[in-house]
Amino acid sequence: MADDLLVIIPTRGRPQAVMPLVRAWRETGATADLLFAVDNDDPELDAYKREAAKLKSSQFRFVYGKRLRLCGTLNQQAVKAAKKYRFLAFMGDDHRPRPAVMPWDARIRECLSGGPGIVYGNDLLMGERMPTAVAMTSDIVRTLGYFSPPALVHLCLDLCWLEWGRGMGRITYLDDMVIEHLHPAAEKADLDQGYEECNSPEQVSADSAAYYDYRDNGGLDTDLAKLRKLVEEAS
């Protein structure tokens with residue numbers, strides 16, 4: 001039987017991240033479902049399938065599809081899952097939830113049980129400033145039709161989640177809910193092809209321009225009107 005929380009992890013070129021993520025899940029006592037979304041043109045596709053074959057639990061699932069980049073893949077899977085799950089979350093393949101007194105997924109459920117909202121924890125890199133891993137009620141995805149603005153590719157998604165949460169007055173930061181970001185910026189990972197691609201000057205410029213256009217030219221205002229109505233109707 002499915003859990004009420006699905007965590008979506010778009011991943012490419014890092015099959016070696018699968019088992020550490022699964023171990024982290026088990027060490028925290030999490031019951032949340034985990035979905036690895038893999039590109040079917042990934043050079044490491046066979047390695048992902050070998051990792052998938054080792055996992056016999058329905059808690060850990062894999063889906064393979066056309067490459068849509070991080071935002072596109074996340075949106076595709078979130079829209080599908082929003083019909084079934086009460087809560088949806090995103091983590092990168094370089095995030096690791098850490099053990100705590102209350103499992104991180106239980107904290108998410110508790111925090112979001114009061115109605116539409118967004119919650120994020122401490123990634124030990126950006127902290128409260130940026131939700132690099134995030135969870136939200138699935139009615140947000142159903143209302144907007146996406147988990148993040150589709151004009152984006154990889155960067156600035158977290159800025160949009162902050163804007164949504166603050167604009168609807170329903171965002172919570174949990175400093176003691178650690179979801180560690182093993183990123184080169186924190187000197188916790190090597191700079192591989194994936195990091196180089198998504199942080200290239202071209203990608204930074206393109207996603208920054210898309211974010212500012214969304215924020216300043218009506219996109220954000222339109223979404224916030226929908227989200228505020230959602231909160232009002234749920235009250």
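Sequential numbering from 1 along the given sequence is applied to the chain's residues. Every heavy atom of this structure was used, including side-chain atoms; hydrogens, water molecules and symmetry mates were not. Everything numeric in this text was worked out from a predicted model, so none of it was measured.
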Inset, instruction - Dump the intermediate steps for side-chain contact (heavy atoms from CB on, under 4.5 Å) on D158 and V134, then the final yes or no. - result: CA-CA 8 Å; D158 32 37; V134 70; over 6 Å; no

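- To the nearest 0.5 angstrom, L157 atom CG is 11.5 Å from T132 atom OG1.
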Please list every donor-acceptor pair under 3.5 Å in which a side-chain atom of residues 62-74 meets a protein atom from a residue at least two apart or in another chain.
| from | atom 1 | to | atom 2 | distance (Å) |
| --- | --- | --- | --- | --- |
| R67 | NH2 | E197 | OE1 | 2.8 |
| T73 | OG1 | R69 | O | 3.0 |

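- The nearest pair of heavy atoms linking P149 to N75 is C-ND2, 4.5 Å.
- Applying the salt bridge (charged side-chain N to carboxylate O under 4.0 Å, His left out) test to E51 and every residue at least two apart in sequence or in another chain returns K54.
- Checking side-chain atoms of E180 against main-chain N and O of P97 turns up no donor-acceptor pair under 3.5 Å.
- Here the closest non-hydrogen pair linking P131 and L162 is CD-CG, 3.5 Å.
- Closest approach of L45 and N40 over heavy atoms only: CD2-O, 3.4 Å.
- Comment: R50 does not engage D46 in a salt bridge, judged by the lack of any side-chain N to carboxylate O separation of less than 4.0 angstrom.
- Both M130 and I118 belong to a single network of hydrophobic side chains, linked directly or stepwise wherever heavy atoms of I, L, V, M, F, W or Y lie under 4.5 Å apart.
- A100 meets the side chain to side chain contact (heavy atoms under 4.5 Å, CB included) test with no other residue; sequence neighbours excluded.
- For R142, the CZ atom counts as densely surrounded, since its 6.0 Å shell holds more than 12 non-hydrogen atoms of other residues, nucleotides or ligands.
- R26 pairs by the side chain to side chain contact (heavy atoms under 4.5 Å, CB included) definition with V22, L55, F60, not counting sequence neighbours.
- Of the residues listed (R86, R109, R61), the one engaging D3 in a salt bridge (Lys or Arg N to Asp or Glu O under 4.0 Å) is R109, and it is the only one.
- Shown here for G117 and I140, the closest heavy-atom pair between the two residues is O-CD1, 3.5 Å.
- Checked against side chain to side chain contact (heavy atoms under 4.5 Å, CB included), S205 has no partners two or more places apart in sequence or in another chain.
- Between N122 and D176, the closest side-chain pair of non-hydrogen atoms is not below 4.5 Å.
- Interatomic distance, D207 CG to S200 OG, rounded to the nearest 0.5 Å: 9.0 Å.
- The two atoms that bring V204 and S208 nearest to each other are O-OG, 2.7 Å, heavy atoms only.
- Closest of all the heavy-atom pairs between D93 and R96 is O-NH1, 2.9 Å.
- Taking M102 as the reference, A106, R107, E110 meet the side chain to side chain contact (heavy atoms under 4.5 Å, CB included) condition, with sequence neighbours excluded.
- A single hydrophobic cluster is not seen to contain both V178 and M91; linkage of ILVMFWY side chains at heavy-atom distances under 4.5 Å, directly or through other members, places them apart.
- Qualifying salt bridge (charged side-chain N to carboxylate O under 4.0 Å, His left out) partners for K56, counting only residues two or more places apart in sequence or in other chains: none.
- To the nearest 0.5 angstrom, I9 atom CD1 is 4.5 Å from L21 atom CG.
- In this structure, CG on L6 lies 12.0 Å from CG on D105, to the nearest 0.5 angstrom.
- When hydrophobic clusters are built by joining Ile, Leu, Val, Met, Phe, Trp and Tyr residues whose side-chain heavy atoms come closer than 4.5 Å, directly or via intermediates, Y48 is not grouped with L35.
- Among residues two or more places apart in sequence or in another chain, the salt bridge (charged side-chain N to carboxylate O under 4.0 Å, His left out) test is passed with D123 by none.
- Judged purely by atom type and a 3.5 angstrom limit, S138 uses its side chain to pair as donor or acceptor with the backbone of Y85.
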Cut-off 3.5 Å, no hydrogens considered: what does the side-chain donor-acceptor table look like for residues 225-235, sequence neighbours left out?
| from | atom 1 | to | atom 2 | distance (Å) |
| --- | --- | --- | --- | --- |
| R228 | NE | G167 | O | 2.8 |
| R228 | NH2 | G167 | O | 3.2 |
| S235 | OG | V231 | O | 2.8 |

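- By the salt bridge (charged side-chain N to carboxylate O under 4.0 Å, His left out) test, R12 pairs with D39, D41, sequence neighbours left out.
- L88 and I179 fall into different hydrophobic clusters, defined by Ile, Leu, Val, Met, Phe, Trp and Tyr side-chain heavy atoms under 4.5 Å apart, directly or through other members.
- Residue pairs meeting the ring-ring contact (aromatic ring centres under 6.0 Å, His included) criterion with at least one partner in residues 115-156, sequence neighbours excluded, are Y120-Y173, F147-W161.
- Note that CE of M136 is 9.0 Å distant from CD1 of I171, once rounded to the nearest 0.5 Å.
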Inset, instruction - Could you please spell out the steps behind the side-chain contact (heavy atoms from CB on, under 4.5 Å) verdict for L220 and W164? - result: CA-CA 8 Å; L220 176 61; W164 291 355; 3.9 Å; yes

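- Among residue pairs with one or both ends in residues 95-116, those qualifying as ring-ring contact (aromatic ring centres under 6.0 Å, His included) are W25-W104, H95-H181; sequence neighbours excluded.
- M126 and L155 are assigned to two separate hydrophobic clusters, defined by single-linkage of ILVMFWY side chains at heavy-atom distances under 4.5 Å.
- T11 contributes atom OG1, which lies 10.0 Å from atom CD of E44 (distance to the nearest 0.5 angstrom).
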